[in-house]
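Remarks on the structure that follows.
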Amino acid sequence: MKTKYSYSQIWNVAYPILLTLLIQNLIQVIDTAFLGRVGEVELGASAIAGIYYIAIFTIAFGFSTGSQILIGRRNGEKKYDKIGEIVIWGMAFLWVMAFLIFIFTKIFSEPILEKVLSSKNVLAASLEYLDWRIYGVFFATINVMFRAFFVGTTRTKVLTFNAILMAFANVLFDYLLIFGNLGFPEMGIGGAALASVISEAISVIFFIIYTWIVIDFKKYGFIHKFWKNIQVIKSILNVSLSLMVQYFLSLSTWLIFFLAIERMGEMTLAVSNIVRSCYMIIAIPVQALAATSNTLVSNTMGAGRQNEVISLIWKISRLSLGIVSVFILLLGLFPEMAISVYTSNQQLIEESVPSLYVILAVLPVMSVGNIFFNSVSGTGNTRTALVIECSTLMLYCFWMWLTAIYWKAPLYICWTTELVYAFFIGLLSFIYFKKGNWKIKKI
C-alpha cells in the first residue's frame with residue numbers, strides 16, 4: 001500500500017460519491033422543475049417542507065456519519081471483522097430513531113409551522129408534502145447506514161448504481177403522481193413527496209440484494225454474534241453525538257433563513273428555492289470531496305500515518321477548487337439558461353440571477369473551507385467540529401438577522417450569509433489543524 005494518496009486515488013473514491021450526489025440532487029432539480037409548473041406556492045412550500053424534513057432527519061444522518069468515521073478507522077486499522085457490528089447495531093438504532101422522528105412529525109409539524117409561516121397557502125402545501133414525505137424516514141435511515149459502510153470501506157462505486165436507480169424511480173413516479181399521468185391520481189405536491197418515498201424504498205431493496213451477493217460477510221464480521229456486543233452503540237454515539245447536534249443546528253438555521261425569506265412574499269420564496277437548488281447542484285463536487293476527506297483522513301489515521309493528514313487535506317482542497325472553478329465559469333456566463341431549467345416565468349428568472357452570482361462568489365471559499373471542516377470530523381474530533389459549527393452559526397444567524405430582518409435588504413444581499421458561513425467554518429478549522437492536538441485522537 002502506498003504511503004500517500006495520489007490525486008487519482010482520491011478521485012477514485014470521490015467520483016462515485018460525486019455521481020451519487022449529482023443524481024440525488026438531480027432528483028431535487030426535477031422535483032423543483034415539475035412543481036415550478038404547478039405553481040409558485042407549491043414551489044416555495046417544497047423548499048420549506050423539504051428543509052424542515054431534512055433538518056429533523058439530519059439527526060439520523062449525523063449518527064450514520066459517526067458510524068462512517070468509525071468504520072473508516074477500523075478499515076484503516078485492518079480490523080475488518082469489527083465493521084459488521086457497527087453496521088448492524090447502527091441500523092437497529094436508526095430504525096428506533098426513525099419511529100420517533102415519524103411520531104414527532106405527525107404530532108408537532110402542524111402547530112410548529114402554523115406559528116412560523118405567514119402564508120396559509122404555503123402552510124397547507126407544506127403540510128400536504130410532509131404528510132407523505134415522512135414515511136420515507138424508515139427507508140432513508142437504512143440507506144444512510146449502507147452508505148456509511150460503503151464510503152467507510154472506500155467501496156464507493158456501488159453508490160453510483162444505486163443513485164441512478166433512485167433517480168429513474170423518482171422521475172417516473174414524479175411524472176405519474178404529480179400530474180396524474182397514465183391513470184395515476186393527480187396529487188400535486190403530495191405526489192412529489194410520495195415519489196421520493198418510493199425511490200428510497202427501491203434503494204433499500206437494491207442495497208440489500210447487492211450486499212447479499214457481493215460483500216464477504218465473514219471478512220466484515222456480519223456472521224459473528226454481533227448481537228452480544230450492544231456496547232458498540234456507545235462507541236458510535238461517542239463519535240456521532242456531536243455530529244447529530246451539529247447537523248441539526250446547521251440545517252435548522254437554514255430553515256430559519258427560509259422562514260425569514262418566506263415573510264418577504266411567495267414570489268421571493270420561490271426565487272430562493274430556485275437559487276437553493278442551483279446552489280446544491282454546483283456544490284456537489286465540494287460535498288463529494290468533503291465526504292472523501294472525511295473517510296480518507298479517518299483511514300489515514302487508522303493506518304498510523306498522522307503526519308500525512310495535512311498534505312492530504314490540501315491535495316483534496318486543490319482538487320475541489322479546480323473543479324468548482326469550471327462551474328463558476330459556465331454559470332457566470334450563462335446564468336439565465338441554468339435558471340430556465342426550473343421555470344419559464346421570466347420574472348422569476350430575472351430575479352434569481354443576482355442571488356445566483358452571490359452563490360458563485362461563495363463557491364471558491366466553500367470549496368476549501370468544507371474540506372478542512374469535514375477533515376476535523378474525520379480525525380474523530382467531532383466535539384471540536386461541533387464547537388466550530390456553533391461558533392460559525394452564531395455569526396451566520398447574526399448576519400441573517402441583520403440583512404433579512406433588520407435591514408430588509410434585497411434577496412441577493414441576504415444570500416451573502418452563505419459567504420459568512422463558508423469563510424468562518426474554513427478559518428476555524430484551519431486554525432484547529434495548525435494549533436490543535438488532533439494527532440493523538442483515539443476512537
Side-chain angles (χ1 to χ4, degrees), residues 14 17-36 43-55 57-58 61 129 133 136 140 144 147 159 163 166-167 170-171 174 192-193 196 199-200 247 250-258 261 269-292 320 323-324 326-328 330-332 335 337-343 348 352-353 355-367 369-371 373-374 396 411-412 414-419 421-422 425:
I17 302 174
L18 187 150
L19 290 176
T20 301
L21 291 171
L22 177 62
I23 294 167
Q24 288 175 344
N25 280 276
L26 182 61
I27 292 172
Q28 298 301 317
V29 170
I30 293 167
D31 280 353
T32 303
F34 276 137
L35 291 173
L43 185 59
S46 67
I48 294 289
I51 297 173
Y52 178 89
Y53 169 80
I54 295 171
F57 172 72
T58 200
F61 185 74
Y129 182 91
R133 187 69 184 91
V144 293
R147 181 183 182 277
L159 302 180
M166 279 187 69
N170 198 87
V171 171
D174 266 348
S196 297
S199 67
E200 287 172 338
Y247 288 175
S250 180
L251 265 296
S252 296
T253 52
W254 214 18
L255 176 61
I256 292 169
F257 174 77
F258 271 83
I261 298 302
L269 181 61
V271 169
S272 275
N273 194 19
I274 291 172
V275 174
R276 178 185 72 97
S277 186
C278 288
Y279 186 25
M280 297 306 295
I281 288 291
I282 58 184
I284 284 172
V286 180
Q287 296 175 30
L289 287 163
T292 301
S320 175
I323 293 172
V324 299
V326 178
F327 282 81
I328 294 170
L330 291 175
L331 289 177
M337 184 181 298
I339 297 167
S340 65
V341 171
Y342 300 95
T343 181
L348 276 175
S352 299
V353 170
S355 296
L356 180 60
Y357 279 133
V358 172
I359 292 306
L360 295 181
V362 173
L363 277 176
V365 183
M366 185 181 70
S367 66
N370 273 24
I371 302 302
F373 179 60
N374 277 266
Y396 177 93
L411 182 61
Y412 70 92
C414 297
W415 271 100
T416 59
T417 52
E418 293 301 314
L419 183 59
Y421 179 86
I425 205 81

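From a predicted model like this one, the values you see are computed outputs, not experimental measurements. Heavy-atom basis, side chains included; hydrogens, waters and symmetry copies ignored.
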Checklist entry - Taking all non-hydrogen atoms of both residues, which atom of Phe257 and which atom of Cys414 are closest, and how far apart? => result CE1-O, 3.5 Å
Next on the checklist: Within this structure, what is the CD1-CE distance for the pair Ile359 and Met366, rounded to the nearest 0.5 Å?
Outcome noted: 8.0 Å
Next on the checklist: Check whether Ser320 reaches the backbone of Ser367 with its side chain - one donor and one acceptor, N or O, closer than 3.5 Å.
Outcome noted: yes
Next on the checklist: On a heavy-atom basis, which atom in Ala140 and which in Glu200 lie closest, and how many Å separate them?
Outcome noted: CB-OE2, 4.0 Å
Checklist entry - Can we say Glu418 and Arg276 salt-bridge, meaning some charged N sits less than 4.0 Å from an Asp/Glu carboxylate O? => result no
Checklist entry - Heavy-atom count around Tyr279 OH within 6.0 Å, excluding the residue itself: above 12? => result yes
Checklist entry - Taking all non-hydrogen atoms of both residues, which atom of Val271 and which atom of Ser352 are closest, and how far apart? => result CG1-OG, 3.5 Å
Checklist entry - Distance from Thr417 atom OG1 to Ile256 atom CD1, nearest 0.5 Å? => result 12.0 Å
Next on the checklist: Using 30° and 60° as the class boundaries, would you call the ring planes of Phe61 and Phe57 parallel, tilted or perpendicular?
Outcome noted: tilted
Checklist entry - Taking all atoms of both residues into account, what is the closest heavy-atom pair of Gly136 and Tyr53, and its distance? => result C-OH, 3.7 Å
Item to check | Side-chain donor/acceptor of Asn170 to backbone N/O of Met166, under 3.5 Å | outcome: no
Item to check | Ile371 versus Ala290, closest heavy-atom pair with distance | outcome: CD1-N, 3.5 Å
Checklist entry - Rounded to the nearest 0.5 Å, how far does CG of Leu363 lie from CG of Asn370? => result 10.0 Å
Next on the checklist: Once rounded to the nearest 0.5 Å, what's the spacing between atom CH2 of Trp415 and atom CG of Leu356?
Outcome noted: 10.0 Å
Checklist outcome for this item: Output for pair (Asn374 CG, Leu289 CG), nearest 0.5 Å, gives 10.5 Å
Next on the checklist: Contact between Ile339 and Val275 at the side-chain level, heavy atoms closer than 4.5 Å - yes or no?
Outcome noted: no
Next on the checklist: Check whether Ser196 reaches the backbone of Ala192 with its side chain - one donor and one acceptor, N or O, closer than 3.5 Å.
Outcome noted: yes
Checklist entry - Quick one: does Leu419's side chain get under 4.5 Å of Val365's, heavy atoms only? => result yes
Checklist outcome for this item: So CD1 of Ile425 and OG of Ser250: to nearest 0.5 Å the spacing works out to 7.5 Å
